[in-house]
Structure formats: structure tokens, C-alpha cells
Number of protein chains: 2
Amino acid sequence: MSEDVEQTLRQHGFQVTAQRIAILRALSSHPHATADELAADVRASIGSISRQAVYDTLGLMVDKGLIRRIQPSGFTARYEDRVNDNHHHLICRSCDSLVDIDCATGDTPCLSAGDDHGFVIDEAEVIYWGYCPACRGKAAPAKPGSSPKSSTT
Amino acid sequence: MSEDVEQTLRQHGFQVTAQRIAILRALSSHPHATADELAADVRASIGSISRQAVYDTLGLMVDKGLIRRIQPSGFTARYEDRVNDNHHHLICRSCDSLVDIDCATGDTPCLSAGDDHGFVIDEAEVIYWGYCPACRGKAAPAKPGSSPKSSTT
DNA sequence: ACCAATTCTGGACTTAGTCAAGTATTTGCC
DNA sequence: GGCAAATACTTGACTAAGTCCAGAATTGGT
């Protein structure tokens with residue numbers, strides 16, 4: 001299994017180092033982890049790693065499309081290794097839990113924006129906000145001034 | 001015109017203060033501004049304002065649905081006063097320009113997620129990533145290791 | 001095994017944002 | 001219009017996330 005990770009690294013043009021292997025493995029066991037959480041996980045397996053190495057590696061991997069970085073409003077950056085598989089994220093406003101969600105609409109649904117302003121669009125990132133089963137009852141904090149925010153789409 | 005802003009504040013249950021009026025007006029002339037940019041703008045019109053007042057006010061206004069906060073990956077939080085009008089955002093990966101974009105798909109399109117995991121979804125936030133007309137030619141930084149990232153949807 | 005290129009470390013630094021205590025302003029009421 | 005209670009604002013210290021830099025260590029091709 002360590003070989004798989006090594007393979008992946010080489011295929012994407014990375015030098016193979018203990019740190020990178022550890023980061024990648026940490027990521028696959030902790031999807032949606034923050035840089036610090038990954039660092040902690042890596043330290044548990046490797047002994048130690050510098051913060052800089054973590055940020056450098058994650059940054060490079062994101063650039064090469066090996067992993068994905070997400071950063072919803074109010075959260076610090078999170079990373080995941082599910083990539084190129086057409087999924088989105090669903091976040092509970094109350095307890096901050098974050099789950100993956102597959103897009104119902106086929107292959108490139110949301111890519112059809114109205115007027116694209118001349119941009120070449122290569123990705124549509126969707127974040128669904130709401131309340132998870134556990135918080136659904138207890139929370140529902142009836143936003144006072146505003147209408148129930150029906151179709152922010 | 002100052003009266004409009006006052007009205008809006010009262011309607012949403014706010015006390016009316018010079019700072020709040022100034023923030024709201026700054027926001028309508030600078031859509032997608034950061035907290036610091038707004039503070040600077042307010043200082044230009046009012047003389048001075050504390051950072052805390054800016055954050056407090058923006059936070060309250062977001063809570064009451066008067067304004068919206070967006071924070072794309074790699075950006076600091078931005079605020080806008082277009083609210084409840086079903087629009088999304090389009091960002092250039094190269095020059096970071098950010099434009100509004102209306103959703104083509106009608107009223108509550110992207111709200112139809114596949115399996116909602118039992119969540120009650122009240123908002124679907126969409127961010128389109130790509131290259132603006134100006135950067136389209138010059139940038140296109142041919143992501144090496146990864147396939148052209150066709151349908152991240 | 002050696003050398004150049006790449007990567008990692010450690011520490012200082014920056015930026016965005018929060019906390020808490022005290023002061024000022026607003027607003028409802030007389 | 002004046003007063004008190006509630007609300008808002010200011011100041012300054014603090015935290016967390018992330019960046020910068022220079023030097024040491026590792027990797028991988030020969």
C-alpha cells in the first residue's frame with residue numbers, strides 16, 4: 001500500500017519523500033482535514049514534520065491536481081483526495097459537520113452559467129448549506145430580519 | 001439617499017449609527033470588498049472607525065440576512081449587498097477578478113443534490129473558477145500532472 | 001559513491017480575525 | 001428636551017493560519 005502512494009507521487013512528477021508519503025496517507029484516512037490536522041497525523045506516523053513542508057506539499061499537490069483544497073466561509077482550508085469525481089460538499093450551519101455529496105445532475109451540470117462574461121470556466125464548485133439530522137430540530141435559529149432565504153440557488 | 005440606508009437599517013432591527021450607515025454605503029459602492037477595504041472606505045467618509053466595529057456590524061448584518069459574506073478558497077472574506085437574488089460568482093484563477101453571474105437554471109436549480117444525507121438544505125452556493133478574457137491567452141498554465149479537470153462540476 | 005537539484009527545517013514575520021473591558025451613543029419614556 | 005437603560009463603539013492585547021527566508025538534509029541521475 002505504501003507502494004501505491006509512491007506510484008502516485010512519481011506519476012505526478014514528485015520526488016518521493018517520507019513526508020509526502022505520510023501526508024498523502026494522512027489525507028486518505030482523514031478526508032477534509034486541515035493543514036494542522038494533517039501535520040499532527042503525520043507527526044504521529046513519521047515523528048516530525050515542519051509546518052512549511054506541510055504547506056509546501058499541499059500547495060504543490062493542489063497545483064498538480066492530485067488533491068483538492070476547499071475553504072468554505074468561516075472555515076480554514078481543508079484538503080481532500082477525492083478529485084475529478086464530480087462531488088460537492090454539504091455543511092451544517094450549526095455543528096459545522098461537512099459531508100461529501102454527489103451531484104445529481106449528471107456530468108457538467110452547474111457549468112452552464114447564464115452569461116459567462118467571456119470567462120473560460122473550468123470548474124464549478126458547489127457548497128450546500130443547511131442543518132444536519134442531529135441539529136435540524138435543536139438549532140433552526142429562525143433568522144429574524146430575513147425571509148427564509150428560499151432560493152439563493 | 002442617506003434616508004434609504006437608515007430605513008433599511010431600522011427595518012432590519014438595527015440601531016442607526018453613523019458607522020453603520022457608512023458601512024452600508026461603502027458596501028453598495030464597493031461590492032465584494034473585504035472588511036479592511038470597507039474600513040478604509042468608511043474612514044474616508046466618516047473620519048475613523050475601529051476594526052472591531054466593522055467586524056461586528058458586518059457579522060450582524062450577515063446574520064440578519066441584510067448582506068452576504070463570501071469567502072472563496074484562498075481569499076479573505078468579502079461582503080456584498082446583493083442578497084436573495086439568485087446569483088453566483090465567477091473568479092479568474094490568474095488575476096483573481098471576481099464577477100457576479102446570474103444562475104441560468106431558473107429558481108432553485110442546484111438545490112437538487114443527489115443524496116442529501118438527511119440534511120435540510122437552505123442554500124446552495126456556487127463558485128465558478130476559470131480565466132477571464134484578459135488572462136485567457138496569457139495565463140492558461142497547462143496544469144502538468146493532471147488531466148484538464150473536465151467536470152469537477 | 002557523488003553532485004546538482006530539490007526538499008525540509010526552524011524561526012521570524014504578516015494578516016485576518018477575536019476577546020474583553022471600558023466609554024460613548026442611541027432610543028424609549030417622562 | 002432630559003434621563004436612564006440598552007446598545008454600539010473604541011482600544012489594545014491576543015490567536016490562528018499562513019508566508020518568507022536562509023541554511024541543512026535528502027533525493028535521484030550518472
Side-chain angles (χ1 to χ4, degrees), chain A residues 2 5-24 26 32-43 45-64 66 69-79 96 144-145, chain B residues 2-3 5-24 26 32-43 45-64 66-67 69-79 96 144-145:
Chain A
S2 194
V5 174
E6 252 190 76
Q7 279 304 326
T8 312
L9 284 171
R10 287 189 207 284
Q11 281 166 13
H12 287 262
F14 286 101
Q15 279 192 190
V16 175
T17 67
Q19 290 85 343
R20 287 173 179 180
I21 292 175
I23 288 176
L24 220 36
H32 311 136
T34 64
D36 271 1
E37 286 163 0
L38 291 171
D41 192 323
V42 167
R43 281 193 196 102
S45 61
I46 284 291
S48 82
I49 193 172
S50 68
R51 184 179 4 175
Q52 197 54 43
V54 175
Y55 281 111
D56 283 355
T57 302
L58 290 173
L60 284 174
M61 288 179 176
V62 168
D63 283 351
K64 301 241 173 137
L66 222 175
R69 171 193 164 115
I70 58 176
Q71 185 179 18
S73 236
F75 286 64
T76 60
R78 266 134 229 278
Y79 299 85
D96 287 353
Chain B
S2 193
E3 285 68 34
V5 174
E6 252 190 78
Q7 279 304 327
T8 312
L9 284 170
R10 287 189 208 284
Q11 282 165 12
H12 286 263
F14 286 101
Q15 278 193 190
V16 175
T17 68
Q19 291 86 341
R20 286 173 180 180
I21 291 174
I23 288 176
L24 221 34
H32 312 136
T34 63
D36 272 359
E37 287 163 0
L38 291 171
D41 192 324
V42 167
R43 281 190 198 105
S45 63
I46 284 292
S48 83
I49 194 172
S50 68
R51 183 178 4 174
Q52 197 56 41
V54 175
Y55 280 111
D56 283 355
T57 302
L58 290 172
L60 283 174
M61 288 179 175
V62 168
D63 283 352
K64 300 242 173 134
L66 221 175
I67 65 177
R69 172 194 164 115
I70 59 175
Q71 186 179 19
S73 237
F75 286 64
T76 60
R78 267 133 228 278
Y79 300 86
D96 287 354

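Residue numbers begin at 1 in each chain, while the letters A, B, ... track the order of the sequences.
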Among the nucleotides [options], which one has an atom lying closest to any side-chain atom of [X]?
X	options	result
B:Arg10	C:dT9, C:dG17, C:dT27	C:dT27
A:Ala53	C:dT27, D:dA17, C:dT9	C:dT9
B:Gln15	D:dC9, C:dT27, D:dG28	C:dT27

Rounded to whole Å, please give me the gap between [atom1] in [X] and [atom2] in [N].
X	N	atom1	atom2	answer
A:Leu58	D:dG18	CG	C1'	12 Å
B:Leu38	D:dC9	CG	P	14 Å
B:Gln52	C:dG17	CD	P	12 Å
B:Lys64	D:dT7	NZ	C1'	11 Å
B:Glu37	C:dG17	CD	P	11 Å
B:Phe14	C:dT27	CZ	C1'	16 Å
B:Tyr55	D:dA16	OH	P	16 Å
A:Phe75	C:dG17	CZ	P	15 Å

Check every strand shown and say whether B:Asp36 touches a base, only sugar-phosphate, or nothing at a heavy-atom separation below 4.0 Å. sugar-phosphate
With sugar-phosphate meaning primed atoms plus P, OP1 and OP2, does A:Thr57 contact a base, only sugar-phosphate, or nothing at under 4.0 Å between heavy atoms?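 Sugar-phosphate only.
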Is there a donor-acceptor pair under 3.5 Å between the side chain of A:Glu6 and the backbone N or O of A:Ile21?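 Not confirmed, A:Glu6 side chain does not pair with A:Ile21 backbone.
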Is a side-chain donor or acceptor of A:Arg20 paired with a backbone partner of A:Gln15 at a separation under 3.5 angstrom?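 Yes, because the side chain of A:Arg20 sits within donor-acceptor range (under 3.5 Å) of the backbone of A:Gln15.
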Taking atom OG1 of A:Thr76 and atom CZ of A:Arg78, what is their separation to the nearest 0.5 Å?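 Going from OG1 on A:Thr76 over to CZ on A:Arg78, the span is 4.5 Å.
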Mind checking the CE-CD1 spacing from B:Met61 to B:Ile23? Nearest 0.5 Å is all I need. 6.0 Å
Can you tell me if A:Thr17 touches the phosphate of C:dC8, counting only side-chain N or O atoms and a distance under 4.0 Å to OP1 or OP2? yes
Do the side-chain N or O atoms of B:Arg20 get closer than 4.0 angstrom to the phosphate oxygens (OP1, OP2) of D:dC9? yes
In sequence, state the C-alpha distance, the side-chain angles, and the governing distance for A:Gln19 and A:Val42, and then conclude on side chain to side chain contact (heavy atoms under 4.5 Å, CB included). CA-CA 8 Å; A:Gln19 290 85 343; A:Val42 167; 5.7 Å; no
What about A:Arg51: does its side chain form a donor-acceptor pair under 3.5 Å with the base of C:dG10? no
Comparing B:Val16 and B:Arg69 on DNA chain C - which has the more 5′ nearest nucleotide: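 Nearest-nucleotide comparison on DNA chain C picks B:Arg69.
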Taking for each residue the nucleotide of DNA chain C bearing the nearest heavy atom, is the 5' side occupied by A:Ala18 or by B:Gln19?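 Residue closer to the 5' terminus by nearest nucleotide: A:Ala18.
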